[in-house]
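Report on the following structure.
Heads up: numbering here begins at 1 and tracks the sequence. All ligand and atom numbering here is 1-based and tracks the order in the structure.
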Amino acid sequence: MAKIKVKTPLVELDGDEMTRIIWAMIKQKLILPFLDVDLKYYDLGVQKRDETDDRITTESAHAIRQYGVGVKCATITPDAERVTEYKLKKAWPSPNGQIRSILDGTVFRKPILVKNITPAVRSWKKPIILGRHAYGDLYRGVELMVDQPGRVEIVYTPATGPERRLLVHDFKGPGVVMGIHNLETSIRSFARACITCAVSEKVELWFSVKDTISKTYHACFKNIFAAETQARKAEFENAGIGYRYMLIDDAAAQAMKHEGGFLWALSNYDGDVFSDVVASGFGSLGMMTSVLVSPDGKFEFEAAHGTVRRHYYEPLKGHPTSTNSVASIFAWTGGIRKRGELDATPDVTAFGEKIEKAVIGCIEAGIVTKDLVPLMDPRPAGHQSTEGFIDAVAARLKTSM
Ligand code: NAP
Ligand code: MG
C-alpha cells in the first residue's frame with residue numbers, strides 16, 4: 001500500500017518521561033507506516049532544553065508559526081527537584097508557557113467521548129470545549145491588608161492628561177483590598193482565538209462573565225467579544241454556528257442541562273474553576289486533549305495531561321505499564337486532520353479520522369488501559385499494557401486502510 005502524502009511539513013515537539021515512550025510508539029506504529037510526512041522534529045526533552053539553553057523551545061514555537069501546525073508531547077516543567085534529578089543548569093521555564101506567549105495563543109481543552117463511559121453529568125452527550133483566557137485578573141492581582149481605618153483609592157496617572165481617582169472603600173476598621181487589571185489587546189486576541197477554534201470545530205460559541213455587577217471590567221470583555229463575533233459573522237454563518245452571551249451563573253446552570261457540543265470561553269478565574277469541573281465531569285485526564293490556537297490561526301495539539309511521571313519509573317525497572325495513550329494519539333490525529341484541512345488534502349484528513357475511529361473502536365470493544373476500567377459500563381474483564389493498547393489500535397487501523 002502506498003503511503004499517504006502530506007503536502008506541508010508537520011512540526012513535531014518531543015517531550016519527557018512516560019509520554020516520550022508513548023510518543024515514540026505512536027509515531028512508529030500508527031503514523032510512519034502510513035504517512036509520507038516531512039516532520040520538522042524538535043526535541044523538547046528536558047535534557048535537550050538544558051543543552052541548548054532552552055533555545056530549542058523558542059525555535060520550535062517559531063517553526064509552528066512558519067508551518068502552521070504542530071504536535072507536542074508532554075514535557076517536564078522543571079522545579080528544584082527536577083534540576084537535581086536531571087542535573088540541569090537551571091529550572092527552565094514551562095515550555096507551554098513560552099510557546100503560548102510566542103504564538104499569543106489560547107488553550108482549549110476537549111474531552112474524547114466513547115459510548116461505554118458515561119459522563120458524571122448525565123445530560124452531556126457531546127464534548128464541551130473549554131477556552132480559558134490566560135492573562136491578568138486574579139493571576140496578576142496586587143493585594144493589600146488594611147490594618148487600620150483609612151481610605152483606599154484607585155489612582156490612574158495617564159501619560160498625558162489629568163489624574164483620576166476612585167474610592168474603593170473608606171475603611172472604618174481592618175480589611176483587605178485587591179487590584180486587578182487586563183489588557184484590551186489580550187482580551188481581543190482571546191476572543192479571536194475562541195472564534196477561530198469554534199469555527200474550526202463547527203461548534204456554538206458561548207461567552208460568559210458577570211457584566212450586570214461588573215459594569216465596566218466584565219462589560220469590557222463582553223463588548224470586545226460582541227465586536228469580534230460581529231466582525232466575523234460570515235465565518236459563523238459558513239460554519240453554521242452561533243454566538244451566545246450569558247451571565248456566568250446562568251451559563252453554569254445551562255451547561256449542566258445541555259447536551260454539550262459547544263465551546264465555552266471563560267475569563268481566567270472562571271476558566272480555572274470550570275476546566276476542572278468539565279474535566280472531572282467527563283471522566284479521565286487520559287481522555288482530555290488540548291489545542292493551542294493563535295488568533296491568526298496557528299495550531300498546536302497535545303494531551304492535557306503531563307508526562308505521567310509516576311508510571312515512568314516502571315519501564316526503567318523493566319516492568320510494563322498500563323498508561324493511557326489516547327490523548328497523545330489524539331494530539332497526532334488533531335495535527336494530521338488540521339494539516340489535511342489547511343492543505344486541502346482530504347485523504348490526509350480522512351487518515352487522521354481513521355486513527356481516531358480505531359482508538360474509539362478499541363475502547364468500545366473493551367480494549368482499554370487500566371485507568372479506564374473503573375469508569376466503564378460494562379466493566380471489561382482485564383486491561384492492556386501501554387504497548388498492547390497501541391498494538392490493538394494499529395491492528396484495527398490496518399483493517400480500515
Ligand atoms: P500527570 O503527568 O498529568 O499525571 C498525574 C497522574 O494522573 C498520574 O500519576 C496518573 O495517575 C494520572 N494520569 C495522567 N495522565 C494519565 C494517562 N495518560 N494514563 C493514565 N494515568 C494518567 O501530572 P504530574 O505527574 O503531576 O506531572 C508530571 C510532569 O508533567 C511534571 O514534570 C509536570 O511539569 C509535567 N506537566 C506537563 C504538562 C504538559 O506538558 N502539557 C502538563 C501538566 C504537567 P496514577 O499515578 O494514579 O495512575
Ligand atoms: Mg485549576
Side-chain angles (χ1 to χ4, degrees), residues 12-23 25-26 42-50 54 56-57 60-61 64 70-86 88 91-101 103 105-112 114 117 132 134 272 275-276 279-280 282-292 300-315 319-332 334-335 359 362-363 368-376 383-390 393:
E12 178 194 358
L13 282 54
D14 208 344
D16 289 299
E17 299 190 315
M18 195 60 217
T19 42
R20 188 182 179 96
I21 296 175
I22 289 175
W23 196 255
M25 284 181 193
I26 296 170
Y42 293 84
D43 183 359
L44 297 199
V46 72
Q47 279 122 331
K48 193 73 184 180
R49 281 183 271 146
D50 196 55
D54 213 16
I56 189 109
T57 304
S60 71
I64 297 174
V71 292
K72 180 180 172 290
C73 176
T75 47
I76 290 172
T77 297
D79 53 13
E81 189 197 344
R82 301 302 211 148
V83 170
T84 313
E85 184 182 4
Y86 288 96
L88 306 177
W92 302 104
S94 149
N96 285 30
Q98 290 188 77
I99 296 167
R100 203 156 54 222
S101 65
L103 294 177
T106 302
V107 173
F108 299 92
R109 281 176 153 208
K110 181 182 176 184
I112 300 153
V114 290
I117 300 179
R132 171 183 170 188
D272 190 350
S275 60
D276 287 356
S280 56
F282 275 109
S284 160
L285 254 189
M287 299 287 278
M288 186 67 76
T289 60
S290 168
V291 57
L292 174 71
E300 183 218 59
F301 295 84
E302 66 171 328
H305 58 75
T307 62
V308 210
R309 178 183 187 182
R310 204 184 61 78
H311 294 208
Y312 174 58
Y313 300 108
E314 296 306 315
H319 304 157
T321 66
S322 180
T323 313
N324 194 332
S325 55
V326 172
S328 298
I329 297 174
F330 273 62
W332 277 98
V359 168
C362 282
I363 299 174
V368 294
T369 46
K370 198 174 173 183
D371 55 306
L372 295 187
V373 172
L375 305 174
M376 296 184 63
H383 63 260
Q384 302 294 317
S385 66
T386 306
E387 187 160 20
F389 179 78
I390 295 172
V393 173

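In terms of modelled atom types and a separation under 3.5 Å, the side chain of Thr289 and the main chain of Lys110 share a donor-acceptor contact. Under the 3.5 Å distance criterion, the side-chain polar atoms of Thr369 are left unmatched by any main-chain donor or acceptor of Asp371. Distance alone, capped at 3.5 Å, is enough to place a donor-acceptor pair between the Asp16 side chain and the Val46 backbone. Arg20 places a side-chain N or O within donor-acceptor distance of the main-chain N or O of Gly15, the cut-off being under 3.5 Å. Between the Thr307 side chain and the Glu17 main chain, no donor and acceptor come within less than 3.5 Å of each other. A side-chain donor-acceptor contact under 3.5 Å links Thr386 to the backbone of Thr323.
The shortest N or O to N or O distance between Asn96 and ligand 1 is below 3.5 Å. For a threshold of 3.5 Å applied to N or O pairs, the pair formed by Arg310 and ligand 1 contains at least one separation below that value. Among the atoms of Asn324, some N or O lies under 3.5 angstrom from an N or O of ligand 1.
The minimum heavy-atom distance linking Thr77 with Pro95 is given by the pair OG1-CD, 4.0 Å. Heavy atoms only, all atoms of each residue included: Leu13 and Leu44 are closest at CD2-CD1, 3.8 Å. Between Ile363 and Met376 the shortest heavy-atom distance is O-CE, 3.6 Å.
Taking every non-hydrogen atom of Thr77 and a distance limit under 4.0 Å, the qualifying atoms of ligand 1 come out as 32 (O), 34 (O). Every atom of ligand 1 is numbered from 1 in the order shown, and the set under 4.0 Å from a heavy atom of Ala74 is 40 (O). Atoms of ligand 1 found under 4.0 Å from any heavy atom of Lys72, numbered from 1 in the order shown, are 40 (O).
In this structure, atom 45 (P) of ligand 1 is in close contact with the protein, since a protein heavy atom lies within 4.0 Å of it. Using a 4.0 Å threshold on non-hydrogen atoms, atom 12 (C) of ligand 1 does not count as touching the protein. There is a protein heavy atom closer than 4.0 angstrom to atom 17 (C) of ligand 1. At least one protein heavy atom sits closer than 4.0 Å to atom 32 (O) of ligand 1. Atom 24 (P) of ligand 1 is never approached by the protein to below 4.0 angstrom, counting heavy atoms only.
For the ligand labelled ligand 1, residue Arg82 lies inside the 4.0 Å heavy-atom shell. Within the 4.0 Å heavy-atom shell around ligand 1 one does not find Met18. In this structure, His311 counts as a contact residue of ligand 1, since one of its heavy atoms falls inside 4.0 Å of the ligand.
Side-chain polar atoms of Trp23 and Glu12 form a donor-acceptor pair below 3.5 angstrom.
Nearest protein heavy-atom contact of atom 14 (C) of ligand 1 is His305 CB, 3.9 Å. For atom 40 (O) of ligand 1, the closest non-hydrogen atom on the protein side is Thr75 N, 3.0 Å. In terms of protein heavy atoms, atom 7 (O) of ligand 1 is closest to Leu285 CD1, 4.4 Å. For atom 29 (C) of ligand 1, the closest non-hydrogen atom of the protein is Thr307 OG1, 3.0 Å. The closest protein non-hydrogen atom to atom 22 (C) of ligand 1 is Val308 CG1, 3.8 Å. The protein heavy atom nearest to atom 36 (N) of ligand 1 is Gly306 CA, 3.4 Å.
When the side-chain hydrogen bond (donor to acceptor under 3.5 Å, both in side chains) test is applied to Glu85, the partners found at least two apart in sequence or on another chain are Arg82, Arg309, Tyr313.
Within the 4.5 Å cutoff, the side chain of Pro111 has no heavy atoms near those of the Met287 side chain.
Only the side chain of Glu302 comes within contact range of ligand 1, with a heavy atom under 4.0 Å; no backbone atom does.
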